[in-house]
Amino acid sequence: MTPVPSGPGDGELAGRARRGDVDAFTVLVRRHEASAIRVASLICGSAHAEDATQEAFVRAFRSLHRFDTEKEFRPWFMRILTNVAKNAVRSERRRVDVTLRAPVLHATEDPDTAALAEQRAELLRALMALPERDRLVLACRWFEEMTEKEIAVALDLKPGTVKSRLSRAMDRLREQLASSEVVRD
Amino acid sequence: MTDFTDARLGALLADVGAHVTQPTSSCADRVAARCTPRHRSISHHWLVAAAAVLVVALAVTAVAPARDAIANLLGLGNTSVQHVDELPASAPTTLPAARGSDAQLRGELRRAGLSAPSRRVVGDPIAWNIDAAGETVVVWLAAALSQNRTTDAGVAMKLVPRDVGVVATTVNGQEALWVPGRHVRTVDGTNFSADSALLWVANSTMYRLETSRLLAAARSMAESVAPVR
């Protein structure tokens with residue numbers, strides 16, 4: 001049985017939004033906002049991720065005339081999001097000069113999964129200890145399961161650069177984890 | 001820890017990603033509010049429209065057959081159309097999740113009193129579902145068709161900008177209304193934003209086809225699912 005789409009594709013929605021259909025763009029927002037929050041959190045922290053996400057969507061709407069509806073929306077939007085989130089961090093530093101805070105994970109009420117939650121937190125701390133560009137490429141690959149081609153568009157890199165950056169980022173993450181006793185196989 | 005494979009480490013990272021805190025509410029409405037252009041002053045249009053209504057109203061009182069024509073333009077079946085100065089806030093209409101093969105689609109459409117589409121609209125795949133209210137919804141890539149009995153309690157209402165004209169047309173010879181452009185559909189007190197819509201009644205069933213396409217394409221789609229007689 002051929003899978004049937006659950007609704008208009010991103011390209012169709014973007015095309016309608018470009019013609020002024022804000023409701024079509026709203027569908028795109030709902031479809032991609034969770035992903036945007038995850039990535040923005042790694043750049044500017046959970047406290048600013050929501051604002052950065054909202055701002056990125058607004059900028060994307062106003063830039064739709066530059067978007068090729070035949071191409072994938074998600075990597076194009078992710079590029080806008082990363083720029084907005086980075087600018088938010090730069091602005092914050094200028095004002096209050098604080099370090100980037102780690103995103104907040106779900107609290108767990110189940111004691112049996114507390115250890116697992118601690119492992120997640122430890123892995124997140126290791127991730128946040130990496131340079132921003134490493135965090136970004138890892139988030140695109142493993143949080144969002146983007147292909148190397150999509151990551152190249154999202155981060156404005158050559159596909160070959162994505163592969164090598166991913167490899168180095170994973171190596172650096174292992175080094176960070178090697179100093180932790182909590183994360184176990 | 002240094003001997004984690006990429007796959008193992010990637011799986012742990014994916015698990016972390018799945019647990020990043022998400023906001024409790026969507027930002028979609030706030031984004032939409034910032035993206036929607038401010039409603040222009042339509043006082044001039046209102047005056048023109050008011051004058052047109054006055055002229056037409058005078059004509060209705062004088063000529064009996066015209067009264068039916070006006071009544072039809074202001075509504076159809078269990079749906080009334082009302083012109084407003086400003087559209088109220090509304091929630092987006094979400095299309096149902098797709099399910100079923102083409103064969104299942106034809107079976108369900110037949111049971112709902114709809115004929116199977118004689119042809120697909122070029123480039124538009126078809127998805128379908130029966131929603132919680134038992135309403136059959138057939139979805140094209142650019143259109144959603146729903147149907148409900150005209151005897152159902154609860155009149156639906158369409159709120160249309162004052163300067164938008166509702167068009168009288170037909171679907172397979174049956175009287176129909178075309179509401180062009182974005183408007184608001186009110187059902188049981190809840191507002192939903194709607195795309196252009198084609199309304200028609202056949203066999204005591206009210207049909208609504210919502211689409212981003214123009215009237216000609218909407219009629220073509222609607223006429224491809226005319227009710228089984």
Side-chain angles (χ1 to χ4, degrees), chain A residues 1-9 12 16-17 19-27 29-30 33-34 37-38 41-42 46 49-50 53-54 57-58 61-62 103-106 116-117 119-121 123-124 127 138-139 141-145 166-167 170 173-175 177-180 183-185, chain B residues 1-6 8-23 25-37 90-105 123-129 139-142 144 181-182 192-195 212:
Chain A
M1 182 164 60
T2 303
V4 181
S6 61
E12 167 79 15
R16 286 165 53 180
R19 295 189 291 272
D21 187 345
V22 177
D23 294 331
F25 192 71
T26 299
V27 175
V29 172
R30 292 186 194 278
E33 63 181 330
I37 289 288
R38 283 192 291 270
S41 294
L42 283 198
S46 291
E50 200 171 343
T53 295
Q54 182 180 329
F57 276 121
V58 172
F61 180 81
R62 292 173 183 160
V104 175
L105 294 181
H106 294 312
L116 193 57
Q119 286 187 2
R120 286 192 198 106
L123 179 53
L124 180 59
L127 183 61
L138 290 175
R141 173 63 186 91
W142 297 111
F143 282 18
E144 306 311 318
E145 297 181 344
L166 259 174
S167 177
M170 292 292 267
L173 185 62
R174 287 194 189 89
E175 289 167 11
L177 288 170
S179 63
S180 167
V183 180
R184 300 181 180 84
D185 250 331
Chain B
M1 310 311 165
T2 56
D3 59 354
F4 278 3
T5 62
D6 278 4
R8 171 65 177 151
L9 199 48
L12 291 175
L13 284 169
D15 178 66
V16 168
H19 285 79
V20 169
T21 296
Q22 293 283 338
S25 62
S26 167
C27 69
D29 290 340
R30 292 190 295 279
V31 170
R34 291 180 60 186
C35 294
T36 302
S90 57
T93 296
T94 52
L95 298 176
R99 65 186 174 100
S101 64
D102 276 2
Q104 288 171 301
L105 166 65
D124 292 347
I126 291 178
W128 67 277
N129 198 8
V139 180
W140 284 267
L141 185 61
R182 284 183 61 237
F192 298 96
S193 57
D195 226 325
S212 59

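Protein chains get the first letters and strands the later ones, always in sequence-line order, with residue 1 at the start of each. Worth saying up front: this structure is predicted, and the values here are computed from it rather than measured.
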Residue set satisfying side chain to side chain donor-acceptor pair (under 3.5 Å) with A:Ser167, at least two apart, ordered chain then number -> none
Hey, are the side chains of A:Val29 and B:Arg30 touching, using non-hydrogen atoms and a 4.5 Å cut-off? no
CD of A:Glu50 to OG of B:Ser25: how many Å apart, nearest 0.5 Å? 6.0 Å
Could you state the interatomic distance from CG (A:Leu138) to CG (B:Leu9), rounded to the nearest 0.5 Å? 8.0 Å
For A:Arg141, is it the side chain, the backbone, both or neither that has a heavy atom under 4.5 Å from a heavy atom of chain B? neither
Report yes if some heavy atom in the side chain of B:Thr5 is under 4.5 Å from a heavy atom in the side chain of A:Met170; otherwise report no. no
Highest number of heavy-atom pairs under 4.5 Å with chain B: which of A:Ala34, A:Ala24, A:Ala139? A:Ala34
Which answer fits A:Gln54, side chain, backbone, both or neither, if we ask what part of it has an atom under 4.5 Å from a heavy atom of chain B? both
B:Asp15 vs A:Leu123, side chain to side chain contact (heavy atoms under 4.5 Å, CB included): CA-CA, chis, key distance, verdict: CA-CA 10 Å; B:Asp15 178 66; A:Leu123 179 53; over 6 Å; no
On a heavy-atom basis, which atom in B:Cys27 and which in A:Glu33 lie closest, and how many Å separate them? N-OE1, 3.0 Å
Spatial distance of atom CG (A:Asp23) from atom OG1 (B:Thr36) [nearest 0.5 Å]: 7.5 Å
Can you tell me which portion of A:Leu127 sits under 4.5 Å from chain B's heavy atoms? Options are side chain, backbone, both or neither. side chain
Rounding to 0.5 Å, atoms CZ (A:Arg174) and CZ (B:Arg8) come to a distance of 12.0 Å
Heavy-atom closest contact (A:Val22 atom, B:Cys35 atom, distance): CG2-O, 4.1 Å
Min side-chain heavy-atom separation A:Thr26-B:Val31 under 4.5 Å: no
Heavy atoms, side chains only, cut-off 4.5 Å: are A:Phe143 and B:Val16 in contact? yes
